[in-house]
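Below you'll find the structure, written out as structure tokens, and then a few comments.
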There are 2 protein chains.
Amino acid sequence: MTDTTHAHRIDEPSALLRAAGLRVTAPRVAVLAALREHRHADADTLIATTRARLGSVSTQAVYDVLKALVDAGLVRRIEPAGSPARYEPHTHDNHHHLVCRTCGRIEDVDCAAGRRPCLDVVDDFGFTIDEAEVVYWGQCPDCA
Amino acid sequence: MTDTTHAHRIDEPSALLRAAGLRVTAPRVAVLAALREHRHADADTLIATTRARLGSVSTQAVYDVLKALVDAGLVRRIEPAGSPARYEPHTHDNHHHLVCRTCGRIEDVDCAAGRRPCLDVVDDFGFTIDEAEVVYWGQCPDCA
DNA sequence: ACCTAGAATGGATTCATTCCATAAAACACT
DNA sequence: AGTGTTTTATGGAATGAATCCATTCTAGGT
Ligand SMILES: [Mn+2]
Ligand SMILES: [Mn+2]
Ligand SMILES: [Zn+2]
Ligand SMILES: [Zn+2]
């Protein structure tokens, strides 16, 4: 049995925050924890979860935290059409998403073409492309 | 010189509407015309253009028209993250989009992998996938 | 323990879009 | 052409998600 009470695990919310040069605050730690519990959660879910954990947090605080985390590269924000923004811990693996048109369920999909795929297109209009984002639309088994 | 005054060209707005089983109304014809003038226009642009052409239309009318056209398959609606919805005549060619992170400029990109690409993923979680939507993010030459 | 830049609060505000009840117009049928 | 039924347009209010702002609070450096 390993004692982790006083451990400073690099993947702990507070360590992540410090490593990113962000101040460690209760809302930030709680939001990071909430993000682990709920895959691809929207702000509402994160607000509710954070509030449950802390007793109270302002809605604005959670939005601010999310913005700080996204800006710091700790969190990825995705905005599937027709849905409020979703958030997930940033894994930097450039994975894609499978979205159910009916219930909005979202699943991760590994990038078939390698790490950062499809970055070259036939005619790029002179654009400097840095990311190819793929959304697979369909029906999940429950909705089919 | 070809006289087209009394022609019933299949690609004329009114013909398109009738073919789709939709009533031909001034706002619908005007919105279809506006869609030809502005690639990937948002609702605001279409409202302004339609209003200029007709003298006046309600905002709601344009939204209703757009919904009817999208439902009928005549128009495609895309929702790039961070931008209001954009609309384009539906070409059914499953092309993708290049989006400038700075100015929001959008360009069409042919699908490199064929008509309906990437529809197979490693693990599809039992989903029935009907579309793979790709957004290439980057900077346009003007913004770079 | 103290200071100060940065973060949280509560409240108002924006933006894109949708909802609703009423008035107007399109098309089918005399 | 006139009538009737259904669909569409109008004006105005309402919504959901997110942002702005002024004030109060707090984390972390000295
Ligand atoms: Mn994901
Ligand atoms: Mn396009
Ligand atoms: Zn589903
Ligand atoms: Zn640009």
Side-chain angles (χ1 to χ4, degrees), chain A residues 8 12-32 34 40-51 53-72 74-87 104, chain B residues 8 13-32 34 38 40-51 53-72 74-75 77-87 104 106:
Chain A
H8 292 252
E12 270 177 4
S14 57
L16 287 173
L17 289 166
R18 260 186 282 266
L22 295 173
R23 289 193 181 177
V24 179
T25 70
R28 286 177 178 173
V29 171
V31 168
L32 280 174
H40 309 119
D42 60 13
D44 258 10
T45 303
L46 296 171
I47 290 165
T49 307
T50 307
R51 206 158 267 162
R53 181 175 303 242
L54 295 184
S56 78
V57 232
S58 69
T59 298
Q60 187 54 34
V62 176
Y63 275 108
D64 284 349
V65 167
L66 287 171
K67 182 174 185 334
L69 296 178
V70 169
D71 289 350
L74 294 181
V75 166
R76 178 148 85 129
R77 173 192 173 122
I78 59 177
E79 295 181 49
S83 160
R86 309 296 192 105
Y87 302 86
Chain B
H8 291 251
S14 56
L16 287 173
L17 289 166
R18 260 186 283 267
L22 295 173
R23 289 190 179 179
V24 179
T25 71
R28 284 177 179 175
V29 171
V31 168
L32 280 174
H38 301 92
H40 311 118
D42 60 12
D44 258 9
T45 303
L46 296 170
I47 289 166
T49 308
T50 307
R51 206 158 267 162
R53 182 175 302 243
L54 295 183
S56 79
V57 233
S58 69
T59 298
Q60 187 55 36
V62 177
Y63 275 106
D64 284 348
V65 166
L66 287 170
K67 182 176 185 335
L69 297 178
V70 169
D71 289 349
L74 294 181
V75 166
R77 174 190 173 124
I78 59 176
E79 295 180 50
S83 159
R86 310 294 193 105
Y87 301 87
I106 299 179

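Just so we're on the same page: letters track the sequence lines, and every chain starts at 1.
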How many whole angstroms separate atom [atom1] of [X] from atom [atom2] of [N]?
{"X": "A:Leu54", "N": "D:dT26", "atom1": "CG", "atom2": "C1'", "value": "15 Å"}
{"X": "B:Leu22", "N": "D:dT6", "atom1": "CG", "atom2": "P", "value": "18 Å"}
{"X": "B:Leu17", "N": "D:dT8", "atom1": "CG", "atom2": "C1'", "value": "13 Å"}

Item checked: B:Ile78/B:His40 under side-chain contact (heavy atoms from CB on, under 4.5 Å): CA gap, chis, key distance, verdict -> CA-CA 8 Å; B:Ile78 59 176; B:His40 311 118; 4.3 Å; yes

Give [X] one of three labels, base, sugar-phosphate or nothing, depending on what nucleic acid heavy atoms sit under 4.0 Å from its own.
{"X": "A:Ala68", "value": "nothing"}
{"X": "B:Ser58", "value": "base"}
{"X": "B:Ala26", "value": "nothing"}

Next item on the list: Rounded to the nearest 0.5 Å, what's the gap from OH on B:Tyr87 to CG on B:Asp42? Could you check?
Entry: 9.0 Å

Item checked: Donor/acceptor link under 3.5 angstrom from B:Arg23 side chain onto base of D:dT6 -> yes

Is there a side-chain contact between [X] and [Y], using heavy atoms and a 4.5 Å cut-off?
{"X": "A:Val65", "Y": "A:Val57", "result": "no"}
{"X": "A:Leu22", "Y": "A:Leu16", "result": "no"}
{"X": "A:Arg28", "Y": "A:Val24", "result": "no"}
{"X": "B:Arg86", "Y": "B:Ile106", "result": "yes"}

Margin query: Students should find this one: the first and last nucleotides of DNA chain C, 5' to 3', lying under 4.0 Å from a heavy atom of chain B. What are they?
Written below: C:dA16 to C:dC27

Check: So, does B:Thr49 use its side chain to make a donor-acceptor pair with the main chain of B:Thr45 at under 3.5 Å?
Finding: yes

Give every pair of a protein N or O atom and an N or O atom of nucleotides 19-22 of chain D that lie under 3.5 Å apart, one pair per line with the distance.
from: D:dT19; atom 1: O4; to: A:Gln60; atom 2: OE1; distance (Å): 3.4
from: D:dC20; atom 1: N4; to: A:Gln60; atom 2: OE1; distance (Å): 2.8

Notebook entry, point to check: Per the end-axis method with five pairs at each terminus, what is the bend angle of the helix from C:dA1-D:dT30 to C:dT30-D:dA1, to 10°?
Noted result: 30°

